[in-house]
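Structure first, then comments.
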Amino acid sequence: DTNGNGIIDIEEFVEGCCALAAAHREDVDKNKAVAEFFTLSMTGAIGFTEFSQWYIEQLPCTSDLNGNLVEAVQRAVAAISKPAPGGGSGNAAVAAGSGASAARGLRGGPGHASAKKGFIESEADVRDDIETFERRLRSTGDSSDEDAKASEIPIAPSTSQEMAQLAKELRELRRRRRAAKSAEDAESLRAQEKGKNARMRDLWRQRQKEKRGQLEIEGTVNSKGTRLEGVVVELAVESDYLASTMSGKTGTFRHRVVAQLGRAMRLIARKAGFAETCKRMGGDGTRHVRFELLPLCLQEHFQAKPGVKDTKIFEDPESGAKFEVPVGELTKDGKPFEGNAEFSAAIVDVTSTAGLEAMPPLTGRSVRGAVIPMQSAGCVFVGLKDANDSKSLGLAPDGSGIEVSLPSNAPLPLHQPSVWHYNDTVGEWEQTMQPLAVNGSELPPPNPDQEVSDEVAEVEDAALAAKQEEKEGDLQSNRKKMDEQRHKDGEEKICTCGYEGKKAILPLVCESADLSLADPPKRIFAETETGSAGIFELRFPYRTEEEQKVSATRARDHPEVILSHHLAKAKDVLGDPKAFGTRSRTSLFYTRQARDALPALNHLADWLIEHAEVKNDATGEVAEDVDPSLIPLKALEKLAGYWARSSYDSSVRSSGPTLHELQTALTDCCGQVPEA
């Protein structure tokens, strides 16, 4: 847990797998490690317990080693959980935090279960040790800090417990399949894997439904490697504050609120002596957050007086940053401010990992409206407040603003830099037209027209094309057999391509209000089936009125007939994707008229998600160990590519919204693709 956020991220997991492989003198298979991570994380975030249990399950595979690595790990776990003989002062001190961070703090303490050389605990004992450690961690700390302790040791609901057990069984099946000595055994185990994977996906959907409508945020507040106590953490939507809590002795906090569908929330952390920071939140389910607070390098007071053409200069001797604050341009609640003001500042070291962690995610909205990745050449936090009541102050919109001179050793970006401002109301960086000088030379302001680039053609899906070609081949083959059969029986030739059938049946289908816009391809009416006598017949006969009525009733239940109605409805409301080009609509359209398309978009999204397949590109096999949340994201990407295209940044190379925008929208809308 190198970043100390209490969970094991994918990079940390792969790094751990590489270390294990090196200790076992094996080749590193990072693809296998990534697949293993996604299997583990399907049941939720990977904490110390989940990682340890996964590792213990690997121990039977290491029996041929010399035992040094296994012994070291097991003695460390024993040291964590078992007090030294005599108890009392011999117990190891409990480290601040939880999970792997706490384990690191405890490893150096006394209390080994045994100093005997070659000591090895059984697998069951090691499991008990970990559970003892978690119970011990739960029982320590301030008893009044219930929320913090609850966030450190979450209690899994029954669905999650079943998922965890199923994930364990899947890992065991996969291990046995890889070690199988015959093809028959391997195939049998693979079949069991597929069944359990299907059950895992069902459980994942069930858990999503159970958590729908509730947002739980768990996190820690840190500063330069130290957990911070007493940090106020507030949750707000626009100007409304939903909840407030304070970090406990271990620096942890937790919020549990009703999810706000389609509304972005802000999670704000503030503490005296530190720069305030903010993160964007949304959707439902559980979110894990890690705040990194920057200590203030400047805290100065001065007298503000409206209309005075004067500036106060403040300088940070360590970084060399200089700030010129106009004393006559301060405002409070939109009105000119006069009185004792406090100016504060913090300098972000953008060349260090810790500095970047203190900043909001480096994606921002350009002056043209595209969401693009950012590279920071320098960053500062500045704050202005009334020294008497600590309320925030602003700057006059028509004033000169605060001029900042910031020395930086960071590399310059490939594109022309510009000034970006973090809008904490909407939770994103925004490019500004403010002047910027680099090494004494003033740069021209950003030019929105330079962002426009040629459209990128949609990549053809080879697998989908092959599937459609196979279905078309079956259809034509059956038509040919039916024509030959009718000719052999001396029956007259009829239209079997679907044209005449559609012409006769579709008007009757469209009499239903729910299918008034249906217009499926004619191949639907060319489908055949084997009749009671074992001969080929049209699935939708059309030659008599009675046949037409029966066929119309049957066609109304055909999935692609229903799909065609919803496609037409979406096209009717949102426009023809082929003719729509890159033209975007006003926000009023999307918040009002476009909502008429929600039922149709819901059907289209369900269709895409239900029929989606994830396959290994190299082998063509279905990939079972893929996070199911990827599928709704891909469905949203497809629909947004049709109806949410706009002018875009040339560096992104996408005619639709970026993946970051899609993921944010889907999260804010609690996973509901049509709303997103």
Side-chain angles (χ1 to χ4, degrees), residues 222-224 266 268-280 291-302 304 311-327 329-331 341-365 373-385 387 392-397 399-413 416-443 445-446:
N222 310 264
S223 181
K224 296 186 175 181
R266 293 174 295 129
I268 307 158
R270 58 169 66 95
K271 181 179 174 67
F274 294 86
E276 180 181 304
T277 188
C278 171
K279 289 184 182 291
R280 196 178 193 275
F291 278 119
E292 178 71 26
L293 297 192
L294 283 174
L296 294 174
C297 62
L298 286 173
Q299 275 186 292
E300 304 286 349
H301 291 79
F302 65 96
T311 59
K312 284 290 184 180
I313 299 176
F314 305 109
E315 187 169 357
D316 174 35
E318 184 175 343
S319 65
K322 186 168 66 174
F323 304 85
E324 298 182 27
V325 183
V327 298
E329 298 179 6
L330 272 61
T331 63
E342 179 184 300
F343 171 80
S344 58
I347 312 299
V348 180
D349 180 6
V350 296
T351 62
S352 71
T353 303
L356 291 174
E357 282 186 359
M359 297 173 65
L362 286 176
T363 53
R365 192 171 297 276
M374 298 164 55
Q375 175 188 344
S376 178
C379 180
V380 297
F381 163 87
V382 292
L384 283 168
K385 64 182 181 180
S392 295
L393 300 178
L395 292 166
S400 60
I402 300 175
E403 185 167 325
V404 183
S405 175
L406 178 65
S408 175
N409 295 322
L412 285 174
Q416 177 184 303
S418 56
V419 178
W420 293 71
H421 160 72
Y422 188 72
N423 185 338
D424 56 9
T425 302
V426 296
E428 67 181 11
W429 291 96
E430 294 176 345
Q431 190 178 27
T432 73
M433 303 293 285
Q434 293 178 17
L436 173 67
V438 177
N439 295 332
S441 300
E442 185 166 333
L443 303 178

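Since the model is a prediction, treat every value here as computed from it, not as a measurement.
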Worksheet item: Atom CG in Leu443, atom CD in Gln416: separation rounded to 0.5 Å?
Response: 5.0 Å
Item to complete: Give, for atom SG of Cys278 and atom CD of Glu428, the distance between the pair rounded to the nearest 0.5 Å.
Response: 11.5 Å
Worksheet entry | For the student: nearest non-hydrogen atoms of Glu430 and Asn423, plus distance | OE2-ND2, 3.1 Å
Worksheet entry | Exam field: side chain Glu292 to backbone Lys224, donor-acceptor pair closer than 3.5 Å | yes
Response to the item:
Output for pair (Met374 CE, Thr363 OG1), nearest 0.5 Å, gives 8.0 Å
Worksheet item: Would you call Gln375 and Pro411 a side-chain contact if the rule is heavy atoms closer than 4.5 Å?
Response: yes
Worksheet item: Side chains of Ser392 and Leu384: does their closest heavy-atom pair fall under 4.5 Å?
Response: no
Worksheet item: Given the rule in the side chain to side chain contact (heavy atoms under 4.5 Å, CB included) test, do Phe343 and Lys312 qualify, once you have shown the distances and angles that lead to the verdict?
Response: CA-CA 10 Å; Phe343 171 80; Lys312 284 290 184 180; over 6 Å; no
Worksheet entry | Nearest atoms (heavy-atom pairs only) where Ala358 meets Thr277 | O-OG1, 3.8 Å
Practice prompt. Measure across Ser418 and Gln431 and return the closest heavy-atom pair with its distance rounded to 0.1 Å.
Written response: OG-NE2, 2.9 Å
Worksheet item: Where does the angle between the aromatic ring planes of Tyr422 and Trp429 fall among parallel (under 30°), tilted (30 to 60°) and perpendicular (over 60°)?
Response: perpendicular
Worksheet item: Counting only N and O atoms by type, is there a donor-acceptor contact under 3.5 Å from the side chain of Glu276 to the main-chain atoms of Ile268?
Response: no
Practice prompt. Work out which heavy atom in Val419 is nearest to a heavy atom in Pro435; give both atom names and the distance.
Written response: CG2-O, 4.0 Å
Discussion item. Just so I know, are the side chains of Leu330 and Leu395 near enough to count as touching, which here means a heavy-atom distance under 4.5 Å?
Written reply: yes
Discussion item. I'd like to know whether Ser344 forms a side chain to side chain contact (heavy atoms under 4.5 Å, CB included) with Phe381, so could you lay out the CA-CA distance, the side-chain angles of the two residues, the decisive distance to 0.1 Å, and finally the verdict.
Written reply: CA-CA 8 Å; Ser344 58; Phe381 163 87; 4.2 Å; yes
Discussion item. To the closest 0.5 Å, what do you measure between CG (Leu298) and CD (Glu342)?
Written reply: 11.0 Å
Discussion item. With heavy-atom distances below 4.5 Å as the criterion, would you say the side chains of Phe314 and Val382 are in contact?
Written reply: no
Worksheet item: Which value, rounded to the nearest 0.5 Å, describes the distance between Gln434 atom CD and Glu403 atom CD?
Response: 11.0 Å
Worksheet item: Of all heavy-atom pairs between Thr351 and Asn409, which one has the smallest distance, and what is that distance?
Response: CG2-C, 4.4 Å
Practice prompt. Run the numbers on Lys322 and Ile313 for side chain to side chain contact (heavy atoms under 4.5 Å, CB included), then give the verdict.
Written response: CA-CA 7 Å; Lys322 186 168 66 174; Ile313 299 176; 3.7 Å; yes
Worksheet item: Checking Ser408 side chain against Ala377 main chain: does a donor-acceptor pair fall under 3.5 Å?
Response: yes
Worksheet item: Does some side-chain heavy atom of Pro360 sit less than 4.5 Å from a side-chain heavy atom of Arg280?
Response: no
Worksheet item: With side chains defined as the heavy atoms from C-beta onward, is the minimum distance between Cys379 and Met359 less than 4.5 Å?
Response: yes
Worksheet item: Yes or no on side chain to side chain contact (heavy atoms under 4.5 Å, CB included) for Val380 and Val348, after CA distance, side-chain angles and deciding distance?
Response: CA-CA 6 Å; Val380 297; Val348 180; over 6 Å; no
Worksheet entry | Heavy-atom pair of closest approach, residues Leu406 and Ala321 | CD1-CB, 4.0 Å
